[in-house]
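Pasting a structure here, questions to come.
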Number of protein chains: 2
Amino acid sequence: MTAPTIVPRLNLHDTVTTALRGMILDGVLAPGEKIAERALCERFGISRTPLREALKVLASEGLIDLLPRRGATVAQITEADIRDLFPIMGALEGLAGELACARVDARDIRHLRALHDQMMDSYARRDEHRYLRQNRKIHETIFALARNPALSEMYQQILTRIHACRFILKKCDRDWAAAVAEHAEIMDALAQRDGARLSRLMRDHIAGTSARIALASLDGNEERDAV
Amino acid sequence: MTAPTIVPRLNLHDTVTTALRGMILDGVLAPGEKIAERALCERFGISRTPLREALKVLASEGLIDLLPRRGATVAQITEADIRDLFPIMGALEGLAGELACARVDARDIRHLRALHDQMMDSYARRDEHRYLRQNRKIHETIFALARNPALSEMYQQILTRIHACRFILKKCDRDWAAAVAEHAEIMDALAQRDGARLSRLMRDHIAGTSARIALASLDGNEERDAV
DNA sequence: TATCGGTATTTTGCATTCATAATTCATAAT
DNA sequence: ATTATGAATTATGAATGCAAAATACCGATA
């Protein structure tokens, strides 16, 4: 029997889950904001049933808080969350780097090199928005090269949970330069297929990012303990 | 303001989620088995609404597969899943070990030592069931000592997903001896608070477990590609 | 003015209902 | 006998309805 052709059988609650997730990621629904079921239903033009199913899923992803009998709120990421999640991300990135090293071929390396060069170009132009997008693309590509879907999924889930962080990233120029230097090393280790070194570099790169974020949020004067 | 006292405000869908998860873990619902909504509703004495909400959550945890318009089935773990998930577990265990090392005090070490000795006792008596339970307890304790709730949660989630594996573990005596030896080393590294070494040991311990499982399932003659 | 108490309103959780897609079963055709 | 076709049955997806809890409102009292 051939592999089953998946014909897109969409259903409302999945669609709504995706839509809601997007709204939270895009900041349409702000962290801490209360989610009024009926209002959202009207907005989407659907009934409460599929919406509530979507809320359950997003809650289990950690994107919203669901308190019994008191409704849903968009999850606020705290400094404790960042302290906890970044080391995990670091461990996952380290693993991804190691696996990727073992599996890349010359073509993959050329592809990554191209992405890397593009990002360096954005850095040279100080195009922060483009830089961040390309940076993310590079990390995602390394995960893809690791050929471990479960790993990629976990990575994405953590990225999603700490989405709010991207707003405070790259505050000062020195941090940005440090991150760029780390990326150059990462590219180098990968080109040499040095898995152990790449693993260490990626873990430390994430740890560095974490430290830079933590520092940024300490002297930043935004909300008290939400980032 | 003091920390809010959470008074247990139970609701049906959470209860059902927990119950269903337990049924899957206990094997009451076998991997691959179709989950008939109405049958389960009658069994629980509830309506379909909370049950379906529970199914969505379990699907997002990877415990069941949910195909649009064709119902839910208990997820079957494949060899590919094991190949993917164990390295992730290894990375998480490694991180847990490192963090735990940085945070344990003498009392924690004594506690772990006690658990370790009990497990060794079970090994001496060849009490496999008790051994496995204590083994799990030790790993969970190390995660608890790491003081990273998000990390513990991810670990638990992966453990849950690969629950089916425990049935094929510890097949041969040599493997068991190897695992026991590794545990002795782990205990030692922790007592010495050698984070780097503990991290490496725990990661390799998981890798070893993975290899032993993979081998066991290769020469085992159970179902073709489900473990 | 601020706080308390009680009622009205809203919101949540769950059951029920309805429409539609999927499956089953019987029948016909090869 | 086996496969195809179509009607009957069943299951899923989503909307609606209803009871109970939480919140908002409002006047009374200190």
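Quick note on labels: first sequence line is chain A, next is B, and so on, each numbered from 1.
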Item to complete: Check the angle between the aromatic planes of His139(A) and His183(A) and answer parallel, tilted or perpendicular using the 30° and 60° thresholds.
Response: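 Judged by the thresholds at 30° and 60°, the geometry between His139(A) and His183(A) is perpendicular.
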Fill in: chain A contact limits on DNA chain C, taken 5' to 3' with a cut-off of 4.0 angstrom to heavy atoms
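Going 5' to 3' along DNA chain C, contacts run dT11(C) to dA22(C).
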Fill in: Strand DNA chain C in bracket notation, Watson-Crick/G-U under 3.5 Å with | for pairs to another chain
||||||||||||||||||||||||||||||
Discussion item. Has Asp26(B) got a side-chain atom pairing as donor or acceptor with Val28(B)'s backbone, closer than 3.5 angstrom?
Written reply: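 Flag not set: sc Asp26(B) to bb Val28(B) has no pair under 3.5 Å.
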Worksheet item: Does a nitrogen or oxygen in the side chain of His13(A) sit under 4.0 Å from OP1 or OP2 of dA14(D)?
Response: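 For dA14(D), OP1/OP2 do have a side-chain N/O of His13(A) under 4.0 Å.
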Discussion item. Please determine whether the number of non-hydrogen atoms from other residues, nucleotides or ligands lying under 6.0 Å from atom NZ of Lys137(A) exceeds 12.
Written reply: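 No, because the 6.0 Å sphere around NZ of Lys137(A) holds 12 heavy atoms or fewer from other groups.
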Worksheet item: Is the side chain of Ser199(A) donor-acceptor paired with the backbone N or O of Gly195(A) at a distance under 3.5 Å, no angle test?
Response: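 Flag not set: sc Ser199(A) to bb Gly195(A) has no pair under 3.5 Å.
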Item to complete: Starting from C1' on dG13(D), measure out to CZ on Phe44(A) and report it in whole angstrom.
Response: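 So the CZ-C1' distance, Phe44(A) to dG13(D), works out to 18 Å.
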Worksheet item: Quick one, which residues of residues 47-61 of chain A touch DNA chain C with a heavy atom under 4.0 Å?
Response: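 Arg48(A), Arg52(A), in order of number.
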Practice prompt. Please check if the side chain of Asp84(B) supplies one atom and the backbone of Asp81(B) the other of a donor-acceptor pair under 3.5 Å.
Written response: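 The answer is no, because no donor-acceptor pair under 3.5 Å joins these two groups.
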Discussion item. Just the rounded figure in Å: distance from P of dA15(D) to CG of Asn11(A).
Written reply: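 It is 12 Å, rounded to the nearest whole Å.
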Worksheet entry | All side chain to side chain contact (heavy atoms under 4.5 Å, CB included) counterparts of Met154(B), not counting sequence neighbours |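 Counting only residues at least two positions away or on another chain, Met154(B) forms a side chain to side chain contact (heavy atoms under 4.5 Å, CB included) with Ile88(A), Ile158(A), Leu92(B).
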Worksheet item: Does Arg161(B) come within less than 4.0 Å of Glu153(A), counting only side-chain N to carboxylate O?
Response: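 The answer is no: the pair does not qualify as a salt bridge.
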Worksheet item: When the distance from CG of Leu10(A) to P of dG13(D) is rounded to whole Å, what number comes out?
Response: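 From Leu10(A) CG to dG13(D) P: 12 Å.
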Worksheet item: Hey, are Glu140(A) and Tyr155(A) close enough side-chain-wise for a donor-acceptor pair under 3.5 Å?
Response: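 Looking only at side-chain atoms, Glu140(A) and Tyr155(A) do not form any donor-acceptor pair under 3.5 Å.
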Practice prompt. With sequence neighbours left out, write down each residue that passes side chain to side chain contact (heavy atoms under 4.5 Å, CB included) with Thr15(B), or none if nothing qualifies.
Written response: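 Side chain to side chain contact (heavy atoms under 4.5 Å, CB included) check on Thr15(B) returns Leu10(B).
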Worksheet item: Between Asp14(A) and Arg38(B), which has a closest nucleotide on DNA chain D that is more 5'?
Response: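 Its nearest nucleotide lies further toward 5', so the answer is Arg38(B).
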Practice prompt. With rounding to the nearest 0.5 Å, note down the distance linking NE2 in His13(A) to OG1 in Thr49(A).
Written response: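 His13(A) atom NE2 to Thr49(A) atom OG1 measures 11.5 Å (nearest 0.5 Å).
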Item to complete: Test Arg21(A) against every option in Ile64(A), Leu58(A), Val16(A) by the side chain to side chain contact (heavy atoms under 4.5 Å, CB included) rule and name the one that passes.
Response: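 Per the side chain to side chain contact (heavy atoms under 4.5 Å, CB included) rule, the option paired with Arg21(A) is Leu58(A), out of Ile64(A), Leu58(A), Val16(A).
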What N/O pairs connect the protein and nucleotides 20-23 of chain D at under 3.5 Å? Give each pair on its own line.
residue	atom	partner	partner atom	Å
dA22(D)	OP1	Arg9(B)	NH1	3.2
dT23(D)	OP2	Arg70(A)	NH2	2.9

Worksheet item: Is there a donor-acceptor contact under 3.5 Å from the side chain of Arg203(A) to the main chain of Gly90(A)?
Response: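 Flag not set: sc Arg203(A) to bb Gly90(A) has no pair under 3.5 Å.
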Worksheet item: Separation of Leu40(B) atom CG from dT10(D) atom P, in whole Å?
Response: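 Whole-Å distance recorded here is 19 Å.
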Worksheet item: Can you check whether Gln156(A)'s main-chain N or O pairs, donor with acceptor, with Thr160(A)'s side chain at less than 3.5 Å?
Response: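 Here the side-chain-to-backbone pair exists.
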